[in-house]
Amino acid sequence: MDSKELFFADANSSFEEARFVIFGVPFDGTCSFRKGARFAPKSIREESYNLETYLFEHDVDLEDVPFHDSGDVKCESLEEMMGAVGRTVGNILEKDKFPIIIGGEHSLTPPAVRKFNDIGVVILDAHLDFRNEYLDEPNSHACVTRRVSELVGTENVILLGVRSFDRKEKEEGDSLGLKYIDTSKLKEKGMKKALQDVRWERIYLSIDMDFFDPSFAPGVGNPEYFGLSPEDAKECINILGPKLVGFDIAEVSPPYDNGNTASLAARLIRELIAVLWKSKTK
Ligand code: MN
Ligand code: MN
């Protein structure tokens with residue numbers, strides 16, 4: 001684990017004292033379009049310093065919440081990244097703490113999910129990520145949902161906000177019973193109704209930042225228009241909060257960002273921590 005000078009704002013606890021542990025995964029080795037997600041953990045941490053410690057809607061001050069930022073894992077290759085994510089998540093879970101992973105590209109999700117038992121996985125993403133392999137790489141960021149489905153069972157995965165499909169991956173997803181609510185259906189239903197059928201008691205939430213419309217989140221690896229709004233993700237975090245056991249946020253690409261994408265990611269992490277703390281203490 002590399003120690004970095006700048007930690008996520010208000011992450012003032014030691015690992016031992018913390019209930020929630022952040023770590024960064026500065027990796028974009030399988031990125032297929034706008035490279036740069038390896039700079040995202042730093043950029044998101046920087047943006048976190050703009051935000052107030054007090055979240056008035058939850059009456060939670062993050063200065064009172066024991067959470068830790070253990071810095072970035074070393075990940076120069078895909079294999080190294082997957083190993084490091086698995087080990088780090090395993091270590092956090094072993095100590096009965098909650099992992100909050102800052103990508104990096106989306107390929108970090110399967111090695112994280114692998115460390116949990118008895119979970120459902122909710123993925124916010126513009127893309128299905130259901131290709132069996134992409135450019136000969138089965139662990140590509142374009143294959144995340146496929147790998148996660150193999151780990152937890154296709155019936156224990158749901159995607160929200162998808163709007164970009166390869167015909168073959170859609171057909172394969174449909175034939176394997178992959179559940180997803182596409183962008184227009186999600187807008188029609190609203191997040192609350194969409195989550196009514198999510199009945200798992202233990203949920204891992206993964207947010208690919210291209211879930212959002214590029215007008216909100218321009219700095220992503222694979223931008224897709226006609227997307228969702230920040231309120232949708234905030235609502236999702238609030239509804240699922242008490243059942244969450246793990247979280248990641250991926251695909252911010254700082255070289256293409258005006259700061260807003262990293263800022264939104266930082267804000268969502270702060271929302272998550274407040275919601276988790278509230279659900280465990282109030
Ligand atoms: Mn995506
Ligand atoms: Mn993705």
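Positions are given from 1, in the same order as the sequence printed here. Counting starts at 1 for both ligands and their atoms, in listed order.
Salt-bridge check for Asp182 with Lys187: failed, with every basic side-chain N at 4.0 Å or more from each acidic carboxylate O.
In the hydrophobic clustering, Tyr225 connects to Phe226, either directly or through intervening members, whenever side-chain heavy atoms lie under 4.5 Å apart.
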Quiz: residues 228-235 side-chain donor-acceptor pairs under 3.5 angstrom, not counting sequence neighbours:
| from | atom 1 | to | atom 2 | distance (Å) |
| --- | --- | --- | --- | --- |
| Ser229 | OG | Glu231 | N | 3.3 |
| Ser229 | OG | Glu231 | OE1 | 3.2 |
| Ser229 | OG | Asp232 | OD2 | 3.0 |
| Asp232 | OD2 | Ser229 | N | 2.9 |
| Lys234 | NZ | Glu57 | OE1 | 3.2 |
| Lys234 | NZ | Glu57 | OE2 | 3.0 |

Identify all side-chain donor-acceptor contacts of residues 129-138 below 3.5 Å with residues at least two apart in sequence or on another chain.
| from | atom 1 | to | atom 2 | distance (Å) |
| --- | --- | --- | --- | --- |
| Asp129 | OD2 | His106 | ND1 | 3.2 |
| Asn132 | OD1 | Arg147 | NH2 | 2.7 |
| Glu137 | OE2 | Asn139 | N | 2.9 |

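In this structure, Lys97 satisfies the cation-pi test against Phe15, with its NZ or CZ atom closer than 6.0 Å to the six-membered ring centre and inside 45 degrees of the ring normal.
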For this session: Under the ring-ring contact (aromatic ring centres under 6.0 Å, His included) rule, what do Phe165 and Tyr180 come out as? Steps first, then yes or no, please.
Result: CA-CA 12 Å; Phe165 299 81; Tyr180 54 86; 5.6 Å; yes
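Inside a sphere of radius 2.8 Å centred on the Mn ion (ligand 2), the protein N/O/S atoms present are His106 ND1, Asp125 OD2, Asp129 OD2, Asp208 OD2.
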